[in-house]
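This is a predicted model, so every value here is computed, not measured. Counting convention: from 1, in listed order, for ligands and their atoms alike.
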Amino acid sequence: MVVLYDDQIIEREQARIDPEDRAYQFGDGVYEVIRVYYGQPFYMKEHLARLQRSATEIRMNLPYPLEQLEQRLLQLLQRSGLQEGNLYIQISRGTAPRNHAFPSNARPLTLAYTQPSPRPVKELSEGVSAITTEDIRWLRCDIKSLNLLGAVLAKQKAVDHGSKEAILVRDGIITEGSSTNIFIVKDGVLWTHPANHLILHGITRQITLQIADELQIPVKKQPFSKEELFTADECFLTSTTMEICPIIQIDGKPVKSGTPGPITRQLQQAFEKQIALLQSRLSKSSK
Ligand SMILES: Cc1ncc(COP(=O)(O)O)c(C=O)c1O
C-alpha cells in the first residue's frame, strides 16, 4: 500500500510517525475524507477548500500550496489503483517537544492514503437505525479537526445499541450525527441545522441542499427539536461515505411507517445521477 507522506508517495512501511507528532499527542491537526467513484474523486475541490478553512481556523499553515496537494492526491489515487472507496488526508501541526502552545518551527505533516470501500447499498435501500445522545463535543464543530473523542464515544454508544448512527442533541436541539449531518421532512419541508459552529458544514449536506433547490423542495435551515425529530415524516443522514441514507428507526421507535420516505428517495435518486455522471464522463474521455 502506498501513502502520501509530506509531499512524497512512499510505501506505508517507510512512513514514520514521531512520538512527539502533535496529531498523535493532542489531536492537533485537520483532516478530510473524499469519496472515490470509478477511480475519480467526488467534489474534491470542495473538500480541499474545507481542509484549507479548517487549517486556517486552527491557525496552521499548510506545508505547501493546495494546488500541489491536489496534484499529489491525484497521483496517489492513480498509484493506488483505487476504483471505489475513500481517500483520507490528514495534516498534523508537526513534531516538536511536547508543550500545549504552538511550536515555533515545526513543519506540518501531510499523510494520505486510500481505502477500498463499496457503496453501502443495503443501508441506502433499506435505511438504518439511530439512537439519540447528548452532544458533548466542543463548540467549534465546524472545524474538521483530528480531535474526535466526542464523536468516537457517541458512535460507540450507537454501535452498543446495534444502531448505525448517534444523533446528537444539544440543549434539546438536534445538531448532527456523530459523523453525518441530519435532515428531517415535515409536511413536505426539509429541515436541517444551520451551518454554524455547532455542526460540520458537510459537503454532502451542501449537495443535498442544492438538489432540493433543483427539485423545488422547500428547505428550512433552522434548528429543530428532539420532539420534532420524533414526529417527523421522514429522516435521513448525509455524509461522504454514507451518501443520503434513510433513518427508519430512532431510539427503537419507527420513523413514521418505518420505511424510507418519498422525498428521501427523490433526493437519493438525484444524488445517484451525479455519481453516474462520473462514469459517463469517464467513458467519453476514453473514447
Ligand atoms: C461530525 C460530522 N458531521 C457531518 C459529516 C458529513 O460531512 P461530509 O458530507 O462532508 O462527509 C461528517 C463527516 O465526516 C462529520 O464527521
If you measure from each non-hydrogen atom of R35 to ligand 1, which part falls under 4.0 Å: side chain, backbone, both or neither?
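No part of R35 comes within reach of ligand 1.
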
Side chain, backbone, both or neither: the part of I199 lying under 4.0 Å from ligand 1 by heavy atom:
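No part of I199 is near ligand 1 at this cut-off.
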
Does [X] come within less than 4.0 Å of [Y], counting only side-chain N to carboxylate O?
X	Y	answer
D251	K253	no
E234	K186	no
R119	E84	no

What is the nearest protein non-hydrogen atom to [atom], stated with its residue, atom name and distance?
atom	result
atom 3 (N) of ligand 1	E176 OE1, 2.6 Å
atom 16 (O) of ligand 1	S179 CA, 3.5 Å
atom 9 (O) of ligand 1	T204 OG1, 2.6 Å
atom 11 (O) of ligand 1	T240 OG1, 2.6 Å
atom 7 (O) of ligand 1	G202 CA, 3.4 Å
atom 14 (O) of ligand 1	K144 NZ, 2.9 Å

Does the N or O separation between I203 and ligand 1 drop below 3.5 Å for any pair?
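Yes.
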
Does the N or O separation between H201 and ligand 1 drop below 3.5 Å for any pair?
no

Connected hydrophobic set around F230, excluding itself, where side chains approach under 4.5 Å
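Taking Ile, Leu, Val, Met, Phe, Trp and Tyr as members, F230 shares its hydrophobic cluster with V128, I167, V169, I174, I182, I184, V189, W191, F224, L229, L237, M242, I247, I250, V255.
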
Should side-chain heavy atoms under 4.5 Å link Ile, Leu, Val, Met, Phe, Trp and Tyr, which residues sit in the same cluster as V33?
M1, V3, Y5, I10, I17, Y31, Y88, L109, L111, Y113, L146, L148, L149, V152

Does some side-chain heavy atom of [Y] sit less than 4.5 Å from a side-chain heavy atom of [X]?
X	Y	answer
K273	L277	no
Q25	E20	yes
R205	K221	yes
T208	F236	yes

Would you call [X] a ligand 1 contact, heavy-atom distance under 4.0 Å?
X	value
Q206	no
R137	yes
S178	yes
N181	yes

Numbering as shown, the atoms of ligand 1 that approach S239 to under 4.0 Å (heavy-atom distance):
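Checking each atom against S239, I get 6 (C), 9 (O), 11 (O).
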
Any donor-acceptor N or O pair under 3.5 Å, side chains S178, E165:
yes

